[in-house]
Each structure stands twice: as C-alpha cells, then as structure tokens.
Amino acid sequence: MAKIIRRERLVPNLHLLEIEAPQVARKCKPGQFVIIMPDERGERIPLNIADWDSEKGTVTSVFLVVGTSTQKLSILKSGDEVPVFVGPLGKQSEIKKFGTILCAGGCYGIGAVYPVARAMKEAGNKVISLLDVKANYLLYWEDKLKAVSDEFFVSSRDSYYDCKEFIPKVLKDVVKTTKIDRVISYGCTYLMYTCSEATRPLGIKTIVSLNPIMLDGTGMCGACRVSVDESTKFACVDGPDFDGHLVDWQELFSRRKSYFDDEIQSLCYWEKENFPKS
Ligand code: FES
C-alpha cells in the first residue's frame, strides 16, 4: 500500500498526485514513470514522474482524467492509500550537455517534461520551454518551468498569451531564429507526433515519451509494444523515451484506441454505481 500525501486539481481535468513512496523517490530519474492501481479492482496505469523529493520520500505525478481509473484517482484524498505503486520504471532520459534544448510540453506533459528540463539545465544546456494549452486557465507549473528555463513561451488558443498557434508552428518559428540542438516533446500522442513531424525536415533530433497501454511495466506482457525504426520495442523497458522521427505513429494511434468503446462503457457503469442520481 502507498499513502496519498496530496491530490489536488491543478486545472480542469488535470490533477496532481503526491504519493509517499521513499524507496521509489530515492531512485527516480528524469523521464521515468510509475505504475499505479487506484484500487484492488482497478487497472494498472502508467504515469510519468513529474517530480520527487528523496528526503521527504514522495513522488509526484500529473494526470489527465480520461477513463474510469483516472476518475478513481481524481477523487482520492490525502491519507487514502492505493494498493499498487511501482517504480521508478523505464529508462531515464539521456541527459548531457547538447547545447540548446527546446522542451515542448502540453497537458500532463507540462508536468512530465519539468524534471527533464531541470536536469538539462543542470547539465549546462540553454533550455527553452514551450508550453501548449487550449486556454490560459489550463496552464500550470508556469513558475517551476520558468525557474529552469532561459526562455519561456506559452501558446494558447485564446488571446491571453502572445501566440495562438498550435505548438508545432511555434516550434518552427523558434528554430528560424535560434539554433536548437534537441527537442524534447512530452504530452499527448498527437502533440508528440506533430512536433516530430515539424522537426523531421529540419533534422533536429526530437525525443518523445511514448504512452501506449501498459500492464506490468517490466517487459513481460507485451502490451506496450511499439514499432521504432522498424523493430518492435517495449515502451516500458526500452523507453519511454524514443526518437520521434523513428516511431510508427499510425500504429501507436491505432493501438491506443483498442479499448476505446470498453472505456466508455466502463466509465458509464462506474458513474452509475458511484453517483446513481447524477
Ligand atoms: Fe508489459 Fe511493457 S507493459 S511489456
């Protein structure tokens, strides 16, 4: 069992979860993830590690509410316990001095890219953070990202920030004036795909953190298989970071949709059971 220290809604539909897990916190590295089960009947879901405190013994993730399991997570309170919390899993991101790094994050990926941006800064890189939100009220962790960035941009579809364009267009504009040595793109599959397509013709290496369906998270079940550079990889042990220019994105999109109908049904049953009058 692992105890919830904090669960709070950061912005609509995105929540922060801080869990007491000293053994996990001691070993966390940027780019890794954890697997959590909200209850004993729930599924195992992978969450990127967004921060950790090895002295306090806590691990923090940011998650988007998309189905039954994340709904269950979103109503946990501090003091509650989850039956399974495993990690850190996956390989850590490649951190070294590359020059100038552009960290592009959207949705839960804003939290997930934070430890990578911080580590890249500590390794002596110039860090440019580029965050994408649909509207200004969906932005979170602005202060944390600014603190580890040399330059900081936000693009949102409303008129609140300077730019209304979707992130790949902004990315292309930035690279016209600044030499970028590596792009790190974390967030939903579509964001990572479009960022990779934007940098492909420019030849800028682009690292993405893949988010296929996972079960065990240790390379045993094969649920998380993805095709990268025409060979099969397991995102949980070979990744989750991969070169975005080598990923078979269409296969990933289609595999992620495998349980779409079941997810909707499951959520309907769960809501009826838990909120019968709503
Ligand atoms: Fe089972 Fe990766 S989640 S092999």
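Counting convention: from 1, in listed order, for ligands and their atoms alike.
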ask   = What atoms of ligand 1 come within less than 4.0 Å of a heavy atom belonging to G219?
value = 4 (S)
query = Under the salt bridge (charged side-chain N to carboxylate O under 4.0 Å, His left out) criterion, do E251 and R255 qualify, and how do the steps go?
reply = CA-CA 6 Å; E251 182 192 67; R255 283 182 58 79; 5.6 Å; no
ask   = Looking at atom 1 (Fe) of ligand 1, which N/O/S atom of D216 is the nearest one?
value = OD1
request  = Dump the intermediate steps for salt bridge (charged side-chain N to carboxylate O under 4.0 Å, His left out) on E18 and K56, then the final yes or no.
outcome  = CA-CA 11 Å; E18 186 181 359; K56 213 167 121 195; 2.9 Å; yes
ask   = What atoms in ligand 1 come closer than 4.0 Å to a heavy atom of L215?
value = 3 (S)
task = Report the part of M220 in contact with ligand 1, treating N, CA, C, O as backbone and CB onward as side chain, heavy atoms under 4.0 Å; options are side chain, backbone, both, neither.
result = backbone
request  = Evaluate the side-chain proximity of L171 to C195: yes if any heavy-atom separation is below 4.5 Å, no if none is.
outcome  = yes
message = With respect to atom 1 (Fe) of ligand 1, please indicate if C236 possesses an N, O or S atom at a distance under 2.8 Å.
response = no
task = Measure across S61 and I49 and return the closest heavy-atom pair with its distance rounded to 0.1 Å.
result = OG-CA, 4.1 Å
Which atom of T206 lies closest to which atom of S196, heavy atoms considered = CG2-OG, 3.9 Å
request  = Run the numbers for me: atoms of ligand 1, each under 4.0 Å from some heavy atom of C224, listed by number.
outcome  = 2 (Fe), 3 (S), 4 (S)
request  = Taking D150 for its side chain and V127 for its backbone only, find out whether a donor-acceptor pair lies under 3.5 Å.
outcome  = yes
message = Quick test: of every protein heavy atom, which one is nearest to atom 4 (S) of ligand 1, and how far off is it to 0.1 Å?
response = G222 N, 3.1 Å
